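One is the number of the first residue; the rest follow in order along the sequence. Not measured: the values here are computed from a predicted model. We count ligands from 1, going down the list as the structure has it; atoms in each ligand are counted the same way.
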Amino acid sequence: MTSRHGTLDQFATWARKVIAHHGATVAGDPRSAEVFQSSTMSALLDGVYDGDITIEELLRHGDFGLGTFNRLDGEMVILDGVCYHLRSDGSATVANRTDRSPFAAVTHFTPGITLTVDAPTSRSGVLELIDQTVESPNLIYAVRVTGALSNVHTRTVKAQTPPYPPLTEASDGQAEKTFDHVNGVLVGFRTPEFEQGISVAGYHLHFLDDARTSGGHVLDFTLDAGHIAISTASELHLRLPTSGAFLQADLVGEDVSAQIHHAEGGD
Ligand code: ZN
């Protein structure tokens with residue numbers, strides 16, 4: 001009995017040390033946070049729409065992020081540890097943990113910087129404000145904009161059937177929607193230019209309304225009033241698929257930037 005308790009005590013002490021060390025790292029420099037990304041934007045452009053990572057596994061790497069689902073069946077928002085599935089009719093539901101994703105990026109959101117917007121501000125105004133606030137264009141920033149929006153223009157990709165067309169073609173058939181006078185949250189990232197192709201350089205935002213019942217990939221918006229929270233990351237954990245179409249995909253297209261702009265809109 002005594003030795004068994006001794007072992008348990010040793011384990012508890014060790015566990016406390018590990019947890020304390022982890023906490024100290026995060027508290028020491030929140031910028032050391034990691035973005036975990038599954039597959040690449042260039043693979044999505046090339047029509048690699050089936051991935052092997054589950055929502056369950058994604059949620060182990062972060063509580064905040066975005067992406068899409070297998071077959072390109074809609075847009076993904078991860079907020080406060082819950083994964084939402086946004087479909088081409090603009091509806092949103094909580095995703096199944098067994099669903100899989102061909103492309104997603106998540107982080108543990110730590111709002112190191114917060115800004116308040118108290119007058120109607122356009123998308124470019126909000127993004128400029130963030131650009132002026134962040135320390136460097138060469139780090140990764142998770143961005144959460146919460147508030148009242150006079151409009152949000154979204155699009156949501158539709159589920160595809162094999163043989164899959166490239167994303168520039170698939171996105172031509174996307175459903176667009178405008179939400180007027182809505183409260184909600186914009187969830188996404190500001191990614192450095194040098195990551196173009198691995199990810200979407202510049203801003204990539206998805207919208208989810210306050211009721212958590214509708215949303216989409218953001219093309220444009222006007223924020224009437226709200227708060228911007230920014231979480232800095234300096235580590236990128238890139239998980240590449242080890243099976244399926246990714247292995248044969250052509251991922252070195254010369255016009256990656258133009259294709260991303262065509263498919264994703266915005267920057
Ligand atoms: Zn998107």
Side-chain angles (χ1 to χ4, degrees), residues 35-51 53 55 58 62 64-79 83-93 95 99-107 109 123 126-127 130 140-145 149 152-160 164-179 184-192 195-209 212 214-221 256-267:
V35 168
F36 173 90
Q37 185 180 306
S38 181
S39 193
T40 68
M41 193 59 208
S42 56
L44 210 59
L45 285 174
D46 201 50
V48 182
Y49 300 153
D50 288 322
I53 193 165
I55 305 312
L58 272 176
F64 178 96
L66 52 65
T68 183
F69 293 85
N70 272 13
R71 299 187 298 126
L72 209 64
D73 181 17
E75 313 282 342
M76 178 192 296
V77 167
I78 294 178
L79 182 65
C83 181
Y84 297 91
H85 193 156
L86 320 181
R87 293 190 170 77
S88 58
D89 62 357
S91 69
T93 54
D99 282 350
R100 290 176 196 270
S101 168
F103 176 84
V106 298
T107 191
F109 196 85
R123 172 183 179 276
V126 168
L127 304 189
I130 299 169
I140 310 168
Y141 299 98
V143 174
R144 186 183 69 202
V145 180
L149 300 122
V152 189
H153 184 197
T154 67
R155 76 93 210 270
T156 298
V157 287
K158 286 177 184 163
Q160 304 291 308
Y164 293 137
L167 188 61
T168 48
E169 279 175 39
S171 63
D172 283 341
Q174 65 200 3
E176 294 192 14
K177 202 173 163 68
T178 300
F179 298 91
V185 56
L186 310 177
V187 168
F189 295 93
R190 184 198 193 284
T191 301
E195 267 200 66
Q196 185 73 302
I198 293 175
S199 185
V200 177
Y203 289 90
H204 184 188
L205 299 168
H206 287 183
F207 170 69
L208 185 65
D209 73 348
R212 309 290 188 246
S214 54
H217 168 102
V218 175
L219 297 175
D220 199 10
F221 65 88
V256 164
S257 285
Q259 288 182 54
I260 289 177
H261 192 266
H262 181 106
E264 299 294 305
D267 294 308

For this session: Sequence neighbours left out, what passes side-chain contact (heavy atoms from CB on, under 4.5 Å) with Thr154? Give chain and number order.
Result: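 With sequence neighbours excluded, Thr154 shows a side-chain contact (heavy atoms from CB on, under 4.5 Å) to Val152, Lys177, Phe179, Phe207, given in chain and number order.
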Problem set entry | Identified side-chain contact (heavy atoms from CB on, under 4.5 Å) partner of Asp99 from the options Asp73, Leu58, Ile55 |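 Among Asp73, Leu58, Ile55, the one that satisfies the side-chain contact (heavy atoms from CB on, under 4.5 Å) with Asp99 is Ile55.
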Exercise. Do the side chain of Gln196 and the main chain of Ala201 share a donor and acceptor less than 3.5 angstrom apart?
Worked result: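 Such a contact is found between Gln196 side chain and Ala201 backbone.
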For this session: Under the ring-ring contact (aromatic ring centres under 6.0 Å, His included) rule, collect the residues that match up with His153, sequence neighbours excluded.
Result: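 By the ring-ring contact (aromatic ring centres under 6.0 Å, His included) rule, His153 matches no residue at all.
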Problem set entry | Pairing residues for Phe64 by the ring-ring contact (aromatic ring centres under 6.0 Å, His included) criterion, not counting sequence neighbours |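 With sequence neighbours excluded, Phe64 shows a ring-ring contact (aromatic ring centres under 6.0 Å, His included) to Phe109, given in chain and number order.
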For this session: Would you list the protein N, O or S atoms within less than 2.8 Å of the Zn ion (ligand 1), leaving out water?
Result: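 Those protein N, O or S atoms (cut-off: under 2.8 Å from the Zn ion (ligand 1)) are His204 NE2, His206 NE2, His217 ND1.
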For this session: Any chance you could measure His206, atom NE2, to Leu186, atom CG, to the nearest 0.5 Å?
Result: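 The distance works out to 11.0 Å.
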